[in-house]
Structures are given as structure tokens and as C-alpha cells.
Enquirer: 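Here it is: the structure, laid out below.
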Amino acid sequence: MIRRSLWARLRAVLPAFGALAVCLAQNGSGSGANCSYTENPEQFLEQSGRAREDAFQRAAHFGVRRRAGQQPLAVAASSIPRRNLIDDAIFGKLEQAGVESARLTTDEEFLRRITLDLTGRIPTSEQVRTFAAQDDASKRNIVIDQLLYSPEFTHKWTMWLGDLLQNTRNSANFSRQFRGRNAMYDWMRGAIHENKPLKDIVYEAITGRGNNFESSTGAANYVLGGISTGPAQDTYDLMFSRSASMFLGMGHYDCLVCHDGRRHLDALSVWGKSATRLDAYRMAAFFSRTRRVQDNNTASDYYQSNAVSDATTGTYDLNTNYGNRPNRVAIGSLRNLTPEYHVTGAKPDTANWRAAFAENVMNDPMLARNFANRLWKEMFNHGLVEPVEGLDPARLDPDNPPPAPWALQASHPRLLEDLARVLREENFNLREFLRLLVQSSAYQLSSRYDAAWDLTKVPLFARHYPRRLMGEEIHDELAKATGVMTNYTVEGWSDPARWAMELPEPVEPRSNGGANAFMNTFLRGNRDTIERRQSGSILQQLALMNDAQVINRVRMTASPTLQRVAKIAGNGELTDEMFLTFLGRMPSEYERERALAFLARYATSATARNMAIEDLAWALVNKVEFLFSY
């Protein structure tokens with residue numbers, strides 16, 4: 001049941017609430033890629049357009065009409081300070097196109113955005129007040145540095161890495177068991193905490209060996225994610241195609257291990273249309289000496305664990321007539337394949353073929369391009385190339401453009417190359433690369449924009465594109481705003497998790513079905529068959545209105561925050577504190593007027609005032625912006 005009288009009071013409190021359903025219903029991203037191009041080519045051909053439409057819709061909900069006497073929210077691109085190479089590229093292109101830029105964020109907007117984007121948490125009301133009051137030109141850089149080296153940063157980016165590497169306890173084809181999942185989590189968390197270069201994380205993932213239950217060899221769990229149910233070659237194909245997609249952004253290899261690119265990738269990839277299945281076979285052959293042995297001794301401490309190793313002999317054999325891929329048959333007299341790196345033709349000079357593959361990946365320019373594009377999308381919420389796993393190496397180099405009618409793939413080709421170069425020069429340092437992104441004026445633009453806006457402008461990044469928060473972030477936002485914390489038991493962990501962003505995978509906490517279901521409403525996915533999505537739904541709106549995860553947290557008897565706020569005598573100061581706590585900003589004049597009228601009308605006694613504060617907290621949770629980093 002929705003709280004008594006709230007529907008009747010809602011417009012008196014915050015009329016903007018009504019926009020939430022429309023925002024959530026329209027904020028949909030395209031579904032995941034279908035593995036058969038011929039059955040549904042539009043699914044592939046329209047991926048970039050769907051990403052653009054998604055960014056357009058999210059941005060549109062934060063566009064505003066200028067009121068009489070108000071300063072314009074869009075300004076000349078030339079008026080925005082240029083702080084680094086990103087700004088030179090973004091604002092230079094805006095000037096060339098004659099498109100205005102959004103203004104820079106306010107301090108309140110910036111602090112909430114940067115705290116969410118780097119740590120998955122919201123700032124406290126006191127942090128917002130202090131930051132806004134500081135008269136220091138370097139204060140944004142200072143808070144960026146603090147967040148980059150905070151424990152919360154490690155939690156947020158371990159979650160990001162777990163999503164990328166698909167760390168799960170159970171998948172459709174294989175079970176790491178909870179100890180394997182936990183070991184991989186420990187390895188990833190340690191890597192992020194220690195600021196291990198991304199390229200080293202990739203190398204360790206590809207070459208990981210040892211028992212998958214041990215944290216010291218937790219990287220061995222990555223390659224186990226490529227186990228398939230068909231013949232061994234299906235596993236080699238999956239181990240390779242996952243690596244090509246995750247680490248090189250070249251998801252089209254998943255097509256090539258089934259068939260030649262010709263007649264399949266002609267409209268998608270200049271590189272891919274001339275690539276062959278044999279090329280993909282030879283790449284998959286790098287994994288053909290990977291071995292695993294499962295411990296099936298029920299008395300063993302390592303029961304159901306897997307020991308990953310590499311054989312010194314073995315080839316990729318063309319002799320299958322069943323499985324998840326088309327039959328592999330001899331090509332003339334060619335029946336057994338050895339590895340050959342497709343881009344360079346390099347062959348292993350060691351019996352450890354996985355290590356040879358990893359070395360080739362380290363030297364492949366696509367590694368830096370891929371991570372530069374993925375991290376750009378994490379911060380700007382729209383890739384320089386979309387989709388991020390659809391990179392075409394033949395359409396990325398601005399000094400070697402593709403033949404007509406093809407065009408360079410990135411919206412800002414030189415910028416992508418420059419970012420990849422910086423990433424290499426910084427030795428794939430995650431924190432320093434993120435610092436470059438978030439210190440730019442381009443990142444710090446407001447999402448609010450009142451100039452003409454249409455789909456063609458999305459690739460120009462004239463404004464910041466909001467993102468709907470992950471289910472874990474929404475949970476932690478509620479917990480931090482209300483002060484109502486919960487301990488979650490995770491199997492194999494000696495200490496409980498207090499924050500959802502600490503959980504090892506999106507299907508946790510298994511120990512608390514209510515919290516799990518609430519977060520799953522916001523489409524966390526399962527890192528296997530269901531991807532994480534930003535799509536909205538009416539169920540999400542209903543969860544924010546009715547779910548016990550919300551209702552129980554905005555009760556005066558449960559919330560330390562509301563109890564503290566209730567001690568504030570003046571309704572004006574109370575309103576300010578509530579907005580700062582839940583939304584990270586002061587109320588507008590209109591919101592303040594409505595909130596004060598609401599409190600004056602209903603807070604007629606101590607008990608009634610407490611109920612009114614609960615109602616105000618509930619309404620703030622149901623504001624559109626509560627769900628977004630904007």
C-alpha cells in the first residue's frame with residue numbers, strides 16, 4: 001500500500017514526481033546482440049543508432065525551458081575553458097559544427113556526479129555544503145584525487161571489472177563454485193586497490209593458472225568462463241572470442257569462429273568482411289593447450305575446484321560434427337592448426353600458447369583503443385564508438401581512413417587515438433586515465449541544455465548524458481541518505497557486506513531476498529545470459545513507491561537521518577537539509593515554496609511533523625534525479 005494520503009499530497013510536495021514514469025519507460029537501451037546476423041541483421045546494424053537514441057532520451061529528461069529573465073543554459077563552445085586534449089577535440093568540433101555547449105555544472109551537480117561515477121556513493125549533506133562554500137579554484141581537482149584513492153573507488157571499479165570479466169558463481173555452462181567466484185573477486189579487488197595496470201590485469205586473466213579456489217591464483221577463474229558444453233574446440237573458440245571482445249573490443253570474432261566475414265559482416269566491418277573462419281580458428285588455437293582438472297574427491301578441501309594448466313603439446317583440430325558451432329572439417333590436407341595472430345601473422349615462439357596470445361594482445365593497438373573507449377563510455381555515458389565491442393580496426397586510424405563509402409568509426413577519431421596513446425604512455429593506469437577524463441570541461445558540462453536538441457547532436461557531446469544508476473548504487477544511495485544499513489552474508493566471507501557495491505556479483509545477496517529482488521528490478525543482469533541494462537520500467541517506479549527497501553528506510557523510527565533532521569526547528573533549514581541529503585543540492589525556489597507549504601499545512605504537531613518529514617523523504621526518493629547521475 002502506498003503511504004496514507006500521499007497520492008493526494010504528492011503534487012503539493014514535488015510535482016516533478018509525475019515525470020518519473022515517463023522517464024523510466026522511455027529510458028530503454030537496446031537488447032543484447034543476437035548471435036545470428038542472418039536471422040536478424042537489424043539487431044546488428046542498428047546497435048549504434050540505438051545507443052544514440054538511448055543517450056538522447058536520457059538527456060531529454062534533463063533539458064529545461066528557460067524562464068523569463070533566466071540566463072541561457074547553452075553557451076558558445078568557445079566560452080568553455082579548455083583544460084586538456086579532450087576539450088580541444090570536443091569544443092573544437094562543436095565550434096566547427098556551430099553547436100552551442102551546455103554550461104559547466106554547478107558545484108553541487110559536480111560533487112554528486114563525480115562521487116557517484118567514481119565511487120558509486122552519494123556525498124553527505126555536510127560534504128556538499130563544505131564543497132560549495134570553498135573558494136578554491138583547485139577544489140574540483142582535490143576532490144577528484146580524494147575519490148580516486150578512496151576505499152569506495154576500489155569497490156566501484158571492482159564491480160566494473162567483475163562485470164567486464166563476467167565473474168559469477170554459476171553460469172549456463174560452468175560453475176566456479178562460490179570459492180572460485182570469491183577467489184576471482186579477491187584477485188580483482190587486489191588489482192584495483194594496488195592500481196595494477198589494466199594491461200597487467202588482462203595478461204594475468206589470459207594466462208591465469210593454478211587452483212581456482214585459491215585467491216593467489218584467482219585469475220585462473222577468468223579462462224574458466226570460456227568453458228563450453230560442446231567439443232573442446234567450442235571451448236577454445238569461446239575462450240578466444242570472449243577475450244577478443246573484452247580486451248580488444250572486437251566482438252565480431254564471435255561471428256568469425258562460425259563463418260567467413262563475407263556475406264555476413266559486409267555492412268558492419270571493413271576489417272571483418274575480409275576476415276575468414278580460418279583466421280579465427282588460428283586465433284582460437286592459442287587456447288588449444290589450455291587444460292583443467294576438476295577435483296572430484298568428496299573428502300578433499302578442494303572438492304569441485306579446478307586446476308588450470310597448459311599442456312606442451314596439442315593443436316586445434318578440424319574434426320568436429322557436433323556442438324555449438326558449424327562442423328569443423330579439413331581444408332584440403334589441413335587437419336590440425338597452430339596459432340597465428342591475425343593482425344600481424346605472429347606465431348608462438350614458446351610452447352605456452354596462451355602466454356604467446358597474451359603477449360600479442362599487449363602489443364596490439366586495439367587493447368588501448370578498447371579500454372579508452374570503454375572508460376570514456378563509463379564517464380560520458382556514450383562511447384566514442386558504439387557499440388563498444390564492435391570496433392573495426394580498419395576504420396579507426398584518422399591517418400589511414402577507409403575507402404568510400406565507409407567513414408571513420410569514432411565520432412572523434414583523433415581523440416580516440418590520442419586517448420589510446422595517453423593510456424599506453426601512462427602504462428594503462430586506470431586512476432590516472434580516469435583523472436584525465438573527469439578533469440576535462442567536457443566531463444564537467446551540465447546535463448541541462450536549452451538549445452535545439454536532436455539525435456544528430458548526440459555524438460558531439462555538447463552536454464553531459466545522464467545515466468540511470470545501477471541497482472547496487474540505488475540501494476547504497478538509499479542506505480546512505482537514510483542511515484539505515486543492513487549486513488549481508490556472503491557465502492565464504494568471514495565479514496558481512498554492508499554496501500551493495502561490495503558484493504561479489506549481481507545475484508547477491510542470496511541471504512536477503514528482499515534486497516536482492518529490489519536491486520534486480522533495476523536490471524543488474526547476471527553477468528552470463530542477461531546483461532546489465534539502464535532500461536526503465538513501471539516496476540522500477542512501483543518499487544521506489546512501495547518496496548520495503550524504501551518504505552522501511554524512510555520511517556522516523558528506523559532512520560537516524562530523519563531523526564536528526566526532525567530536531568531542526570525551522571522548516572526552511574529542514575527543507576534544505578533534506579534536499580542536500582537525498583539529492584545533493586539545495587531546493588529551487590519553487591520546490592522550497594511547495595515544501596514549506598506542505599510542512600505548514602500538515603506538520604501541525606510533533607507526530608504529524610514526523611509523518612510529514614517521512615513523506616518528504618519518500619517524495620525525494622521518487623524524484624527523477626534520485627535515480628540518475630546527471
Side-chain angles (χ1 to χ4, degrees), residues 158 161-162 165-194 196 201 203-240 242-243 286-314 323-324 351-355 357-358 487-497 502-512 516 526-529:
T158 300
L161 187 59
L165 302 187
Q166 297 178 327
N167 182 29
T168 60
R169 174 178 179 169
N170 299 309
S171 64
N173 295 332
F174 181 76
S175 175
R176 294 184 176 91
Q177 307 298 324
F178 74 86
R179 290 178 64 184
R181 181 220 40 207
N182 292 352
M184 186 170 178
Y185 176 86
D186 289 344
W187 166 67
M188 293 187 300
R189 183 181 58 185
I192 297 297
H193 174 72
E194 297 163 10
K196 185 173 290 184
I201 295 174
Y203 189 93
E204 291 178 13
I206 294 171
T207 62
R209 306 177 65 183
N211 190 285
N212 77 306
F213 280 10
E214 292 286 349
S215 294
S216 60
T217 52
N221 282 283
Y222 165 73
V223 76
L224 292 175
I227 300 248
S228 184
T229 56
Q233 291 89 330
D234 279 2
T235 291
Y236 308 149
D237 287 352
L238 187 54
M239 288 178 175
F240 159 63
R242 290 173 77 243
S243 298
F286 280 102
F287 291 86
S288 63
R289 292 183 175 179
T290 307
R291 301 290 183 266
R292 73 175 176 101
V293 177
Q294 188 171 66
D295 186 340
N296 294 315
N297 179 4
T298 56
S300 170
D301 288 340
Y302 291 91
Y303 175 57
Q304 294 186 320
S305 68
N306 287 268
V308 179
S309 62
D310 294 279
T312 56
T313 60
N324 301 310
N352 189 333
W353 286 355
R354 269 198 299 154
F357 178 75
N487 289 333
Y488 298 121
T489 300
V490 176
E491 191 170 5
W493 284 11
S494 57
D495 297 320
E502 298 175 4
L503 296 170
E505 64 171 316
V507 299
E508 295 285 358
R510 288 179 172 87
S511 61
N512 189 312
N516 200 341
N526 61 9
R527 291 182 176 169
D528 181 34
T529 56

Enquirer: Could you tell me whether the side chain of L165 reaches within less than 4.5 Å of the side chain of M188, counting heavy atoms only?
Expert: yes
Enquirer: State, yes or no, whether a side-chain contact exists between T290 and M239 at a heavy-atom distance under 4.5 Å.
Expert: yes
Enquirer: Nearest 0.5 Å please: distance from the CD atom of E508 over to the OG1 atom of T168.
Expert: 11.5 Å
Enquirer: If I compare all heavy atoms of P509 with all of L503, which pair ends up nearest, and what's the gap?
Expert: CD-CD1, 3.7 Å
Enquirer: I want to check something: taking the side chain as every heavy atom from C-beta on, are N167 and R181 in contact at a cut-off of under 4.5 Å?
Expert: yes
Enquirer: Is T235 reaching over with its side chain to a backbone N or O of I227, donor-acceptor style, under 3.5 angstrom?
Expert: no
Enquirer: Which value, rounded to the nearest 0.5 Å, describes the distance between F287 atom CZ and R242 atom CZ?
Expert: 9.5 Å
Enquirer: Could you walk me through whether E505 and R527 satisfy the side chain to side chain contact (heavy atoms under 4.5 Å, CB included) test, starting with their C-alpha distance in whole Å, then the side-chain angles of each, then the deciding distance to 0.1 Å, before giving a yes or no?
Expert: CA-CA 8 Å; E505 64 171 316; R527 291 182 176 169; 3.7 Å; yes
Enquirer: If I compare all heavy atoms of R510 with all of V507, which pair ends up nearest, and what's the gap?
Expert: NH2-CG2, 3.4 Å
Enquirer: Tell me, do N526 and P506 make a side-chain contact under 4.5 Å, heavy atoms counted?
Expert: no
Enquirer: Given N297 and Y303, is the side chain to side chain contact (heavy atoms under 4.5 Å, CB included) satisfied, shown in steps?
Expert: CA-CA 6 Å; N297 179 4; Y303 175 57; 5.6 Å; no
Enquirer: Could you tell me if the side chain of R291 sits less than 4.5 Å from the side chain of V308, heavy atoms only?
Expert: no
Enquirer: Backbone N or O of G208 within a donor-acceptor pair of the R354 side chain at under 3.5 Å?
Expert: yes
Enquirer: CG of N173 to CG of D528: how many Å apart, nearest 0.5 Å?
Expert: 7.0 Å
Enquirer: Roughly how far, to the nearest 0.5 Å, is CG of N211 from OG of S216?
Expert: 9.0 Å
Enquirer: Are any side-chain N or O atoms of N212 and backbone N or O atoms of L224, one a donor and one an acceptor, separated by less than 3.5 Å?
Expert: no
Enquirer: Hey, are the side chains of S228 and D237 touching, using non-hydrogen atoms and a 4.5 Å cut-off?
Expert: no
Enquirer: Give me the ring orientation class for F286 and F357: parallel if the planes are under 30° apart, tilted from 30 to 60°, perpendicular past 60°.
Expert: tilted
Enquirer: May I ask you to check whether Y185 and W493 place their ring centres under 6.0 Å from each other?
Expert: yes
Enquirer: If we ignore hydrogens and angles and just use 3.5 Å, is the side chain of N221 paired with the main-chain N or O of G180 as donor and acceptor?
Expert: yes
Enquirer: Is Y222 close to Q166 at the side-chain level, that is, under 4.5 Å between some pair of heavy atoms?
Expert: no
Enquirer: Please assess I201 against W187 for the test side chain to side chain contact (heavy atoms under 4.5 Å, CB included), listing each intermediate value before the final yes or no.
Expert: CA-CA 9 Å; I201 295 174; W187 166 67; 3.9 Å; yes
Enquirer: Looking at S171 and F174, would you say the former's side chain and the latter's main chain have a donor-acceptor pair under 3.5 Å?
Expert: yes
Enquirer: Any side-chain heavy atom of P496 sitting closer than 4.5 Å to one from V490?
Expert: no
Enquirer: Does any N or O in the side chain of R289 come within less than 3.5 Å of the main-chain N or O of T312, such that one atom is a donor and the other an acceptor?
Expert: yes
Enquirer: Would you confirm whether D295, through its side chain, and Q304, through its main-chain N or O, come within 3.5 Å as a donor-acceptor pair?
Expert: no
Enquirer: Rounded to the nearest 0.5 Å, what separates atom OG1 in T229 from atom CG in N324?
Expert: 4.5 Å
Enquirer: To the nearest 0.5 Å, tell me how far N182 CG sits from E214 CD.
Expert: 12.5 Å
Enquirer: If you count every heavy atom of other residues, nucleotides or ligands that lies below 6.0 Å from D301 atom CG, does the total exceed 12?
Expert: no
Enquirer: Are R179 and E491 close enough for a salt bridge, meaning some N to O gap below 4.0 Å?
Expert: no
Enquirer: Determine whether E502 and T158 satisfy the following criterion, side chain to side chain contact (heavy atoms under 4.5 Å, CB included), listing intermediate values before the conclusion.
Expert: CA-CA 8 Å; E502 298 175 4; T158 300; over 6 Å; no
